[in-house]
Structure formats: C-alpha cells, structure tokens
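Below you'll find the structure, written out as structure tokens, and then a few comments.
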Amino acid sequence: MAYQLADGTALGDPSSELRLNPEWTGLPPADLDRPLALESRAGCDTHPVDVTTKAGQLHLSSYVWADMVPRMERLRAAIRLAETDPVQVERADGSEWLERRLAELPEGVLTVVWHSVMWQYASPAQRERGRAALAGAAARATESAPLALLVYEPRRANGNFELLLKLWPAGLSLRLGHGWGHGLPFTWEEQPWG
Ligand SMILES: C[S@@+](CC[C@H](N)C(=O)[O-])C[C@H]1O[C@@H](n2cnc3c(N)ncnc32)[C@H](O)[C@@H]1O
C-alpha cells in the first residue's frame with residue numbers, strides 16, 4: 001500500500017495498486033518508508049465478511065454509495081490486494097478472541113491489537129472483558145515481547161474520531177491525531193493520552 005501525499009511525495013510501497021490519498025494535515029511521527037516485516041495477521045468479527053468471495057465483495061460494495069467513485073475504487077483495490085494474501089477473520093466477539101490470542105505474547109515481535117469503529121457496538125460486559133484481557137497481557141509484556149494497542153474510535157466528548165496508541169512495557173500513551181469516520185481527512189497532532 002502507498003500513501004500519495006498532496007505535495008506529490010509517495011510513502012510506502014510505490015508498486016502497490018492500493019494508493020491512498022490520505023488528505024493529511026501534518027505528518028505521522030514515524031518513518032513510513034522503513035520496511036516492516038509482518039510476521040502474521042489475524043482478526044475477528046461477530047459478522048465477518050469473506051472478501052475473497054463474490055458475495056462478500058458485493059456485500060462490502062453495498063455500503064458505498066454508487067456515486068462515491070474514489071471510495072469505490074479504493075475498496076476494489078483493497079479487495080484485489082486482500083485476494084492475493086487473505087487474512088482469516090474468525091467469527092467471534094473481540095473480547096473473547098483477545099483473551100485467547102493474548103494468552104501468550106510471542107518473543108521477538110511487537111504484538112499489535114488494532115480496532116476501529118467497533119467499540120461502540122460491544123456491550124458493557126464485552127468491553128469490561130476486553131479491557132481485562134488487554135490489561136493482563138500488558139502486565140506480561142516485556143522488552144522482547146512488547147505489546148501495542150492502536151485504535152481509531154469516535155470520542156463522545158468532541159465528535160472526532162481519534163487515533164490512539166499505547167505501548168507496553170515502554171509506557172507510551174499517545175493521541176496521534178484525529179479525523180472523520182471514514183478516515184479522511186486526518187490531522188496528525190501528537191498529544192499525551194490518558
Ligand atoms: C462500523 S464496522 C467497522 C469495520 C472496520 N473495523 C472499519 O473500521 O472499517 C463495525 C464492525 O464491528 C463488528 N462488531 C460489533 N461488535 C463486535 C464485537 N463485540 N466483537 C467483534 N466485532 C464486533 C461488526 O460486526 C462490524 O463489522
């Protein structure tokens with residue numbers, strides 16, 4: 001995936017057919033050109049959609065208004081990319097899934113828990129269970145088996161969607177920036193969180 005910035009700079013993989021114009025104000029506090037080695041990926045959803053099937057692709061496309069051409073093109077490019085290297089998305093509640101997946105933190109890699117625009121749909125009991133699973137894993141995180149929480153969720157206080165990052169055992173807790181529900185436009189603005 002590549003990020004095409006307004007000033008003409010491209011970050012990430014310039015050969016990728018998924019090219020995002022992220023409409024950023026500011027820049028992320030990270031070197032996006034630095035290659036990342038992804039060891040493994042896994043996900044869950046209470047209602048997963050298999051984007052490698054025609055039915056799954058139609059299902060996701062039905063959420064995009066037909067006249068939103070750039071959004072539809074982005075979705076199609078993302079689907080083509082997902083088809084080349086699909087991720088197994090398990091049918092499960094996130095908190096129950098996290099308990100299982102975080103039971104052991106692998107050595108030598110950073111484990112990243114990511115969720116976006118789902119926390120509001122979880123019940124209070126599921127949220128409590130999810131927080132406990134994360135707190136348990138955070139207490140076990142070490143320098144050789146670190147843990148990160150990266151979330152993009154709406155905040156009731158200001159109506160913004162915020163990108164939040166916590167890192168253990170480093171003890172970092174940052175609000176990296178804010179944007180709109182579908183990710184664009186986005187403003188990078190680092191502040192302490194929590
Ligand atoms: C608005 S969509 C967001 C999808 C995607 N994360 C994104 O940001 O585009 C919310 C998703 O959360 C899922 N969801 C709701 N409650 C959940 C739970 N307790 N555990 C896991 N997924 C859940 C729904 O099935 C739905 O796919």
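Worth knowing before you read on, the calculation uses all heavy atoms, side chains too, and leaves out hydrogens, waters and symmetry mates. Counting starts at 1 for both ligands and their atoms, in listed order. For the single chain, residues carry numbers from 1 onward in sequence order.
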Ignoring hydrogens and angles, tell me if any N or O in the side chain of R91 forms a donor-acceptor pair with the backbone of D45 under 3.5 Å.
no
From the candidates S116, S123, G183, the one that places a heavy atom nearest atom 6 (N) of ligand 1:
S116
Among all protein heavy atoms in this structure, tell me which lies nearest to atom 15 (C) of ligand 1, with the distance rounded to 0.1 Å.
Y121 CB, 3.6 Å
In terms of side-chain heavy atoms, does S95 have a donor or acceptor partner in Q126 at a distance below 3.5 Å?
no
Tell me the protein heavy atom at minimum distance from atom 10 (C) of ligand 1, and give that distance in Å.
V117 O, 3.2 Å
Got a salt bridge between E96 and R129, using NZ or NE/NH1/NH2 to carboxylate O under 4.0 Å?
no
Enumerate the atoms of ligand 1 whose separation from the nearest heavy atom of H47 is less than 4.0 angstrom.
25 (O)
Protein contact of atom 27 (O) of ligand 1 - nearest heavy atom, named by residue and atom, plus distance:
D45 OD2, 2.7 Å
Taking 4.0 angstrom as the limit, do E90 and R100 come out as a salt bridge?
yes
Which protein heavy atom lies closest to atom 12 (O) of ligand 1, and at what distance to 0.1 Å?
M118 CB, 3.4 Å
So which heavy atom in the protein is nearest atom 20 (N) of ligand 1, and how far is it from that ligand atom?
G94 N, 2.9 Å
So H59 and Y63, would you call those rings parallel, tilted or perpendicular, with 30° and 60° as cut-offs?
perpendicular
For atom 19 (N) of ligand 1, the closest protein heavy atom turns out to be D93 OD1, 2.8 Å
Using the rule given for salt bridge (Lys or Arg N to Asp or Glu O under 4.0 Å), can you reason through E73 versus R76, listing the C-alpha separation, both sets of side-chain angles and the distance that settles it, and then say yes or no?
CA-CA 5 Å; E73 283 171 349; R76 289 190 177 138; over 6 Å; no
For atom 23 (C) of ligand 1, the closest protein heavy atom turns out to be T46 OG1, 3.4 Å
Would you say the ring centers of Y3 and W24 fall short of 6.0 Å from each other?
yes
